[in-house]
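Inspection log for the structure reproduced underneath, given as structure tokens.
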Protein chains: 2
Amino acid sequence: MRGVNARCPPRAASGAAPPDTSFLESLIGYNARRAALAIIARVLPTLQPHDLRVVEFSVLTVIAHNPGITSRQVCAALDILPPNLVGLLRRLERRGLVEKRAHPGDRRAQSLYVTALGAQVQRQAQDAVAAVETDEATHLSAAERATLIALLRRIYQGNGAGTTR
Amino acid sequence: MRGVNARCPPRAASGAAPPDTSFLESLIGYNARRAALAIIARVLPTLQPHDLRVVEFSVLTVIAHNPGITSRQVCAALDILPPNLVGLLRRLERRGLVEKRAHPGDRRAQSLYVTALGAQVQRQAQDAVAAVETDEATHLSAAERATLIALLRRIYQGNGAGTTR
DNA sequence: TATTGTTATACTCTATAACTATA
DNA sequence: TATAGTTATAGAGTATAACAATA
């Protein structure tokens, strides 16, 4: 018997009943990824006026909050591979948002600083991102926000075993 | 005076003090992304023996749980763009895990099914992923898991506005 | 006219190997 | 010998435009 869809169409085929994704929805990884993508989709238009992509904003923020930080440390903090940071920093430097200075004490390294313009752009972008994150994107209470962030942090910080990279 | 790091090195330069990432860590998007990447890093080696990537596992799972589903519906469920699903399905088909059949009622579409082998591989992979997710990767209690997933789901499902794609 | 599946293509993101200069 | 920064490059992943067949 082909017995397919006399009156009970293979739910998959109907436009009405959404497909069963219950297993995937039981996974933290799946939900975390979907949530991250949803939030990033909201943050993107916020950063667009500043001509910043998400990673660029992250790097700019870390440099602004840690004057004199090295490339290597930015990579470690944000889990970026060194070769991929090079072009990113070059763009920020060309736009006059970041500058490199000689590192005191290690001539291999270089200290990173935001310029006055870079600091201004970062501040504006940070305020805009914070607003979107807390208000529009997620209608969670402050307590729920705190709970969520604490749980997420336990996942990617909690265990001793290193990441794959 | 070069006055650098006699005893108080510019925290950025020292290998000891970790850089300040407090702002980024206050963002749900940042934490969700880091958590998702950390979990995926754990899941990858679990799927490797089955020669499945994460997206392939997701697609295989949705097809297994929704026999007769169409490409378009898989795309909608997993937020995959149709052109990107084509090659993915082709690989799964060539490996004998998935098969396409004529769709009853719409000759444009095609119904997707897992083969016996596909069902077996999917089951094994699902068990392995579930084990990693609940045990090793995240040491959360069942209650914490449930809370986390509920909060995450509210972020990417809760609001009416569609995603960017 | 709209939709399904598809091709071709481009752009971003991420990853690896290897080089240089310093330590 | 190891590390910081860099180059070149490869591979995922994700995006858009356009087409044929069907609704």
Side-chain angles (χ1 to χ4, degrees), chain A residues 12-15 33-34 36-38 40-41 44 47-48 51-59 63 68-93 98-112 163-165, chain B residues 4-5 12-15 19 33-34 36-38 40-41 43-44 47-48 51-59 63 68-93 98-112 163-165:
Chain A
S14 86
R33 193 177 121 84
R34 295 293 298 252
L37 289 176
I40 287 175
L44 277 181
L47 292 177
Q48 200 164 355
D51 194 17
L52 287 175
R53 286 172 302 173
V54 175
V55 200
E56 291 174 331
F57 168 69
S58 300
V59 170
I63 296 175
I69 194 173
T70 68
S71 289
R72 215 68 187 194
Q73 291 173 308
V74 172
C75 286
L78 297 180
D79 210 356
I80 298 175
L81 291 172
N84 297 329
L85 185 63
V86 175
L88 208 157
L89 278 181
R90 187 150 42 207
R91 270 197 308 280
L92 294 178
E93 212 179 350
V98 164
E99 66 178 12
K100 299 176 179 175
R101 299 185 203 159
H103 183 101
D106 189 338
R107 285 188 308 182
R108 294 172 303 182
Q110 47 202 0
S111 302
L112 300 172
T163 64
T164 287
R165 307 194 190 171
Chain B
V4 178
N5 54 0
S14 87
R33 195 178 118 83
R34 295 293 297 254
L37 289 175
I40 287 176
V43 166
L44 276 181
L47 291 178
Q48 200 164 354
D51 194 16
L52 287 175
R53 286 173 303 173
V54 175
V55 201
E56 291 173 332
F57 168 70
S58 300
V59 169
I63 296 175
I69 194 172
T70 68
S71 289
R72 215 67 185 194
Q73 291 174 309
V74 172
C75 286
L78 297 179
D79 211 354
I80 297 175
L81 291 172
N84 298 329
L85 185 62
V86 176
L88 208 157
L89 278 181
R90 186 151 41 208
R91 271 196 307 280
L92 294 179
E93 212 180 351
V98 163
E99 65 178 13
K100 299 176 179 174
R101 298 187 204 158
H103 183 103
D106 188 338
R107 287 187 308 182
R108 294 173 303 179
Q110 47 202 359
S111 301
L112 300 172
T163 66
T164 288
R165 305 198 190 164

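Just the heavy atoms: all of them, side chains too, but no hydrogens, waters or symmetry mates, feed the values below. To find a chain, count down the sequence lines: A is the first, B the second, and so on, and within it residues start at 1.
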Starting at atom [atom1] of [X], determine the distance to atom [atom2] of [N], rounded to an integer number of angstrom.
X: A/L89; N: D/dG5; atom1: CG; atom2: P; answer: 9 Å
X: A/L37; N: D/dA15; atom1: CG; atom2: P; answer: 9 Å
X: A/H103; N: D/dA4; atom1: NE2; atom2: C1'; answer: 10 Å
X: B/I40; N: D/dA12; atom1: CD1; atom2: C1'; answer: 13 Å
X: B/L88; N: D/dT14; atom1: CG; atom2: P; answer: 10 Å
X: B/I80; N: C/dT4; atom1: CD1; atom2: P; answer: 16 Å
X: B/L81; N: C/dC11; atom1: CG; atom2: P; answer: 17 Å
X: B/N84; N: D/dT16; atom1: CG; atom2: P; answer: 10 Å

Spacing of A/C75 atom SG and A/I69 atom CD1 [to the nearest 0.5 Å] =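 If we round to the nearest 0.5 Å, A/C75:SG and A/I69:CD1 are 9.5 Å apart.
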
From B/K100 NZ over to B/L89 CG, what is the distance, rounded to the nearest 0.5 angstrom?
->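 It comes to 5.5 Å.
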
Would you indicate, yes or no, if C/dT7 has its OP1 or OP2 atom less than 4.0 angstrom from a side-chain nitrogen or oxygen of B/R90?
->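 Affirmative; the distance criterion is met.
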
Under 4.0 Å: is that the gap between some side-chain N or O of A/K100 and OP1 or OP2 of D/dA4?
->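 A/K100 to D/dA4 OP1/OP2: no side-chain N or O under 4.0 Å.
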
Does the side chain of B/V74 come within less than 4.5 Å of B/L85's, by heavy atoms?
->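 Heavy-atom side-chain distance check passes, below 4.5 Å.
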
Taking the side chain as every heavy atom from C-beta outward, state whether B/L37 and A/D79 have any pair of such atoms under 4.5 Å apart.
->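 They are not in contact (no side-chain heavy atoms under 4.5 Å apart), so the answer is no.
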
Residues forming a salt bridge (Lys or Arg N to Asp or Glu O under 4.0 Å) with A/R72, sequence neighbours excluded |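 Once residues adjacent in sequence are excluded, A/R72 has no partner under the salt bridge (Lys or Arg N to Asp or Glu O under 4.0 Å) criterion.
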
Could you pick out which residue, A/P83 or A/A109, lies toward the 5' side of DNA chain D when each is mapped onto its nearest nucleotide?
->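 Its nucleotide being nearer the 5' end, the pick is A/A109.
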
Counting side-chain heavy atoms from C-beta on, which of [options] comes nearest to [X]?
X: B/V86; options: D/dT6, C/dG5, C/dT7; result: C/dT7
X: A/T70; options: D/dT14, D/dG5, D/dT6; result: D/dG5
X: A/S71; options: C/dT7, D/dT14, D/dT6; result: D/dT6

For nucleotides 19-22 of chain D, print each protein N/O atom paired with a nucleotide N/O atom at under 3.5 Å, atom names and distance only.
none

B/L112/B/V59 under side-chain contact (heavy atoms from CB on, under 4.5 Å): CA gap, chis, key distance, verdict = CA-CA 10 Å; B/L112 300 172; B/V59 169; over 6 Å; no

Minimum heavy-atom distance between B/L47 and B/F57, given as atom pair plus value =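 Heavy atoms only, the tightest pair is CD1-CB, 3.9 Å.
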
